[in-house]
Amino acid sequence: VGTDVFDEAVRSTCDVASHCKRYAVSVGYWKDPYIEYFVSHPKERKAPEISRGYYARVQGVGRLLKAFLEKTKCNCQIINLGAGMDTLFWKLKDENLLPLKYFDVDFPSIVSRKIHYIKSKPPLSKPIMESHLGETVLIDAHSLDTSRYAIVGGDLRDLPKLEEQLKKCNMDPNLPTLLMTECVLIYMTMEHSIDLIKWVATTFRSAMFINYEQVNMLDRFGQIMIENLQSKQCELVGADACRSLETQKERFLQNGWETVNGLDMLKVYQSLPPDEIKRNVQNSLITSGNCPRKDKVWRGNGTFQGSTERSVPELDRG
Ligand code: SAM
């Protein structure tokens, strides 16, 4: 199986993530008025554990991000690497929390889809134009550049080119910079993810890196890759070296980072506001109660079994 097929399977994880997020938003786990413009309503219901996992992920990343924005008083830039259909730019704008510049980066084909939605949907394009101070907006199939928001079509494995593309959009290495990889590094080889981590450590004067990814996924990940590719490519990805939080931390400490903190997602989930968690559990009972699942999680009468509000949120491959 060639790199193209492998890359296509990696790109398809963008749809998995955005469909799961769209579903969780549609049943009330969190608010995101913009995701519906990027993703149609999923036909299939998702298990509550999946929605809870995404809820914890989005809230956990959001909290760290807001702490950074607060600390820098928004005099900073945010670079979302492997952003997929992420709607963070619009949400931050609504909350009056835009950094000086916000960048989304993904493969060119993903980016061109995102730009197409933006161009054709005023609820997406209007906020971008409102935040734009210059006269002309640079926009083509694979990139968009305004004074506060840029979308860059590139490859995280080609760092010299990526740096050049970002600089063209006025990325400033001297500004405090937040880089995010939400479920992205796991789809890169260990070598490429290390290069990226090192590049960030050496390129920006002051930076914070939020990395969300699965640990100890070797079996599961192997299965996913085999399912997608029927190949041995899974041996090339970074999963093997990310067996635990400790190895994750080491990966950063050995590649230019001064301090690293790691949190287990169960802890993140348990630290979220209890009334929100309770509301979400009730929501998932109601939404799934109309259409009980036949697997072991649900009884025929729609009551919830084997999982409480403290249960482990599930991670899926997006
Ligand atoms: N971060 C988004 C989220 O959480 O909703 C999307 C996550 S999705 C699982 C992984 C994303 O990383 C995909 O959109 C994929 O195209 C992107 N990605 C993976 N490897 C990449 C690479 N080498 N260059 C650019 N984008 C990449």
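Indexing begins at 1, ligand by ligand and atom by atom, following the structure's order. The first residue of the sequence shown is numbered 1, and numbering continues consecutively from there. Just so you know, these numbers use all the heavy atoms, side chains as well, and skip hydrogens, waters and symmetry mates.
Cation-pi geometry between K91 and Y34 is not met: the NZ or CZ atom fails to fall both under 6.0 Å from the ring centre and inside 45° of the normal.
Where the criterion is an N or O separation shorter than 3.5 Å, residue side chain and backbone included, V105 fails it with respect to ligand 1. Polar contact check, R57 against ligand 1: a nitrogen or oxygen pair lies under 3.5 Å apart. By the 3.5 Å distance cut-off applied to N or O atoms, D106 is counted among the residues near ligand 1. Residue M188 has no N or O atom closer than 3.5 Å to an N or O atom of ligand 1. Ligand 1 has a nitrogen or oxygen under 3.5 angstrom from a nitrogen or oxygen of D155. At a 3.5 angstrom cut-off on N or O pairs, T13 does not count as close to ligand 1.
Every atom of ligand 1 with a heavy atom of G84 under 4.0 Å away is listed here by number and element: 14 (O). Proximity to K21 (heavy-atom distance under 4.0 Å) selects the following atoms of ligand 1: 3 (C), 4 (O), 5 (O). Set against the non-hydrogen atoms of R11, the atoms of ligand 1 under 4.0 Å away are 16 (O). If you number the atoms of ligand 1 from 1 as listed, the ones under 4.0 Å from a heavy atom of V184 come out as 12 (O). In summary, the atoms of ligand 1 found under 4.0 Å from a heavy atom of G154, numbered by their order in the structure, are 24 (N), 25 (C). Atoms of ligand 1 lying under 4.0 Å from any heavy atom of A17, numbered from 1 in the order shown and given with element: 5 (O).
More than 12 non-hydrogen atoms from other residues, nucleotides or ligands lie less than 6.0 angstrom from CD of E95. Under a cut-off of 6.0 angstrom, the local environment of CD in E258 is sparse, with at most 12 non-hydrogen atoms contributed by other residues, nucleotides or ligands.
Judged purely by distance below 3.5 Å, without hydrogens or angles, the side chains of R22 and S40 never pair a donor atom with an acceptor atom. Residues W30 and E276 bring no donor and acceptor atom of their side chains to less than 3.5 Å of each other. One side chain, D140 or S143, offers a donor N or O that lies under 3.5 Å from an acceptor on the other.
The shortest distance between side-chain heavy atoms of I210 and Y212 does not fall below 4.5 Å.
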Tell me, with the steps shown, if F209 and F252 meet ring-ring contact (aromatic ring centres under 6.0 Å, His included). CA-CA 10 Å; F209 198 132; F252 280 81; 5.2 Å; yes

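Note: W90 and F38 meet the aromatic proximity criterion, with ring centroids under 6.0 Å apart.
Taking 4.0 Å as the cut-off, S18 does not count as a neighbour of ligand 1 on heavy-atom distance.
Comparing H192, E182, K114 against atom 7 (C) of ligand 1, the shortest heavy-atom distance belongs to E182.
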